[in-house]
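Working notes for the structure below.
When a residue number appears, it is its place in the shown sequence, counting from 1. Order of listing sets the numbers, starting from 1, for every ligand and every atom in it. We use all heavy atoms of the structure for the numbers below, so side chains are in, but hydrogens, waters and symmetry mates are not.
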Amino acid sequence: MTKDRILVIGACGQIGVELTLELRKIYGDANVVASDLREENPLLKGTGPYVSLDVMNKEMLHVQVIRQNITQIYLLAAILSATGEKNPHLAWSLNTQSLLNVLEIAKDENIQKVYWPSSIAVFGPTSPKINCPQQTIIEPITVYGISKYAGEFWCNYFYHRYQVDVRSLRYPGLISYKSEPGGGTTDYAVEIFHDALEENSYTCFLKEDTYIPMMYMPDAIRATIELMETNADKISVRTSYNISGMSFSPKEIAAEIKKHLPEFTINYQPDYRLAIAESWPQSIDDSVANKDWQWKPKFDLSEVTIDMIANLKKKLKNNFI
Ligand code: NAD
Ligand code: SER
């Protein structure tokens, strides 16, 4: 049997750091090669191999896959929804070409498994707002959503046409304290904790009643690994699975934070990101993921709030923020 050798592309981002560390626990530090365009994240330093890599350079990517004897690829490099609207052409180009480069190399080198995340951003204003189903009307209005929806169909195509075992999740907005979020509309739900602890107040770029589907990072990492460890014959969705964690508004998360930091105040100055958030569903139906590979989230808003505040307080005390 071939030994698993994993390449994580975009390993220094919000998800990449935590996913790389978790994969290293499972597969062994030396067998998980982290890569990114930017400098190695301090949390990854000394925990395993790191290569500097631009996923848009297909030849260099191909060389690394062969040189490192890679058997699985996790592709996390992307431009997210808010940054994408500032440079739509770049977002389209990175988000789709990076995936095509990986899928073509996976086909040519018989890579065993590929992971590529999609997003709730595939959904648009015409999708159902509450408990948005796996299969429904999908008409995204952001370049990020369009690139993710196109990507889902490339995954489906490479699976059916070339038997590339590529798997995907439509992550909700992710909340975490280890590494910074990278330019999404849902970043507010991370910024709010930082500002609450550092300034006692937060100015939110959404409205108080803007509900978005969200998930705590440990649930997202577990979902990713559970999907990747599921037997291929159980996977009925080869575009991307809906997964759900929780759903809340800025007013609700502020009230939860206030329980622990009574002085905290929030005010609202909505900007262009409000229209992005309002185009998405407020909650997601993940019953297909539950049926196929028994997906279930663990964290709710009150548990996330307690954990985020405790961990960010520790980081602040040690000057890690
Ligand atoms: P991020 O922006 O924090 O990290 C992306 C990483 O990719 C960065 O470290 C960046 O330097 C790297 N990168 C960018 N261009 C590159 C290139 N050309 N070559 C190599 N690396 C490059 O993003 P994230 O939040 O960790 O998201 C990872 C994936 O998950 C993305 O596909 C994103 O769309 C998806 N996703 C994220 C969320 C979320 O809330 N964080 C939600 C839904 C989906
Ligand atoms: N968190 C992401 C964003 O806001 C959703 O994919 O862009």
Inset, instruction - Give me the ring orientation class for F205 and Y188: parallel if the planes are under 30° apart, tilted from 30 to 60°, perpendicular past 60°. - result: perpendicular

Inset, instruction - Compute the ring centroids of F153 and Y149, then answer whether they are less than 6.0 Å apart. - result: yes

Inset, instruction - Please step through side-chain contact (heavy atoms from CB on, under 4.5 Å) for the pair R24 and L44, ending with a clear verdict. - result: CA-CA 10 Å; R24 284 182 173 160; L44 293 181; 4.3 Å; yes

Using a 4.0 Å heavy-atom cut-off, which part of [X] comes near ligand 1: side chain, backbone, both, or neither?
{"X": "Y144", "value": "side chain"}
{"X": "S118", "value": "backbone"}
{"X": "P172", "value": "backbone"}
{"X": "N95", "value": "neither"}
{"X": "L53", "value": "backbone"}

Provide the number and element of each atom of ligand 1 under 4.0 Å from a heavy atom of [X].
{"X": "T186", "value": "40 (O)"}
{"X": "G173", "value": "40 (O)"}
{"X": "L94", "value": "15 (N), 18 (N)"}
{"X": "G182", "value": "2 (O), 3 (O)"}
{"X": "S119", "value": "43 (C), 44 (C)"}
{"X": "A78", "value": "31 (C), 32 (O), 34 (O)"}
{"X": "A77", "value": "7 (O), 13 (N), 16 (C), 21 (N), 22 (C)"}
{"X": "L76", "value": "5 (C), 28 (C), 29 (C), 31 (C), 32 (O)"}

Legend entry - NE2 (H160) with more than 12 external heavy atoms under 6.0 Å: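 For H160, atom NE2 is crowded (more than 12 foreign heavy atoms under 6.0 Å).
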
Inset, instruction - Report, as yes or no, whether the 6.0 Å neighbourhood of atom NZ on K291 holds more than 12 heavy atoms from other residues, nucleotides or ligands. - result: no

Inset, instruction - Please identify each residue that fulfils ring pair (Phe, Tyr, Trp, His ring centres under 6.0 Å) with Y115, with sequence neighbours left out. - result: Y74

Legend entry - Counterpart residues, ring pair (Phe, Tyr, Trp, His ring centres under 6.0 Å), relative to Y272 (two or more places apart):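 With sequence neighbours excluded, Y272 shows a ring pair (Phe, Tyr, Trp, His ring centres under 6.0 Å) to no residue whatsoever.
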
Inset, instruction - Identify whether V288 and L227 are in the same connected component of the hydrophobic contact network (ILVMFWY, side-chain heavy atoms under 4.5 Å). - result: yes

Compute the shortest N/O to N/O distance between [X] and ligand 1 and return yes if it is under 3.5 Å, no if not.
{"X": "I9", "value": "no"}
{"X": "D54", "value": "yes"}
{"X": "G13", "value": "yes"}

Inset, instruction - Answer yes or no on whether K258 is positioned over the face of F264, meaning its NZ or CZ is under 6.0 Å from the six-membered ring centre and within 45° of the axis. - result: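 Not flagged: K258 not positioned over aromatic ring of F264.
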
Looking only at protein heavy atoms, identify the closest one to [atom] and say how far it is in Å.
{"atom": "atom 8 (C) of ligand 1", "result": "R38 NH2, 3.4 Å"}
{"atom": "atom 3 (O) of ligand 1", "result": "Q14 N, 2.8 Å"}
{"atom": "atom 12 (C) of ligand 1", "result": "D36 OD1, 3.3 Å"}
{"atom": "atom 27 (O) of ligand 1", "result": "I15 CD1, 3.7 Å"}
{"atom": "atom 23 (O) of ligand 1", "result": "L80 CD1, 3.5 Å"}
{"atom": "atom 40 (O) of ligand 1", "result": "L174 N, 2.9 Å"}

Inset, instruction - Check whether any heavy atom of R170 sits under 4.0 Å from an atom of ligand 1. - result: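 Contact check R170 vs ligand 1: negative.
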
Legend entry - Under-4.0 Å salt bridge between K296 and D219: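 The answer is no: the pair does not qualify as a salt bridge.
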
Legend entry - Test: D271 and R273 ion pair at under 4.0 Å: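 Yes, D271 and R273 are salt-bridged.
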
Inset, instruction - Look at atom 6 (C) of ligand 1 and find which of S35, G10, S179 reaches it with the closest heavy atom. - result: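 Closest candidate by heavy-atom distance is G10.
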
Dump all N/O pairs between ligand 2 and the protein below 3.5 Å as a table: atom names plus distance, one pair per row.
residue	atom	partner	partner atom	Å
ligand 2	1 (N)	T186	OG1	2.6
ligand 2	4 (O)	S81	OG	3.2
ligand 2	4 (O)	T185	N	2.7
ligand 2	4 (O)	T186	N	3.1
ligand 2	4 (O)	T186	OG1	3.4
ligand 2	6 (O)	S119	OG	2.5
ligand 2	6 (O)	Y144	OH	2.8
ligand 2	7 (O)	S81	N	3.0
ligand 2	7 (O)	S81	OG	2.6

Legend entry - Pairs flagged by salt bridge (Lys or Arg N to Asp or Glu O under 4.0 Å) wherever residues 90-104 is involved - sequence neighbours left out: K58-E104

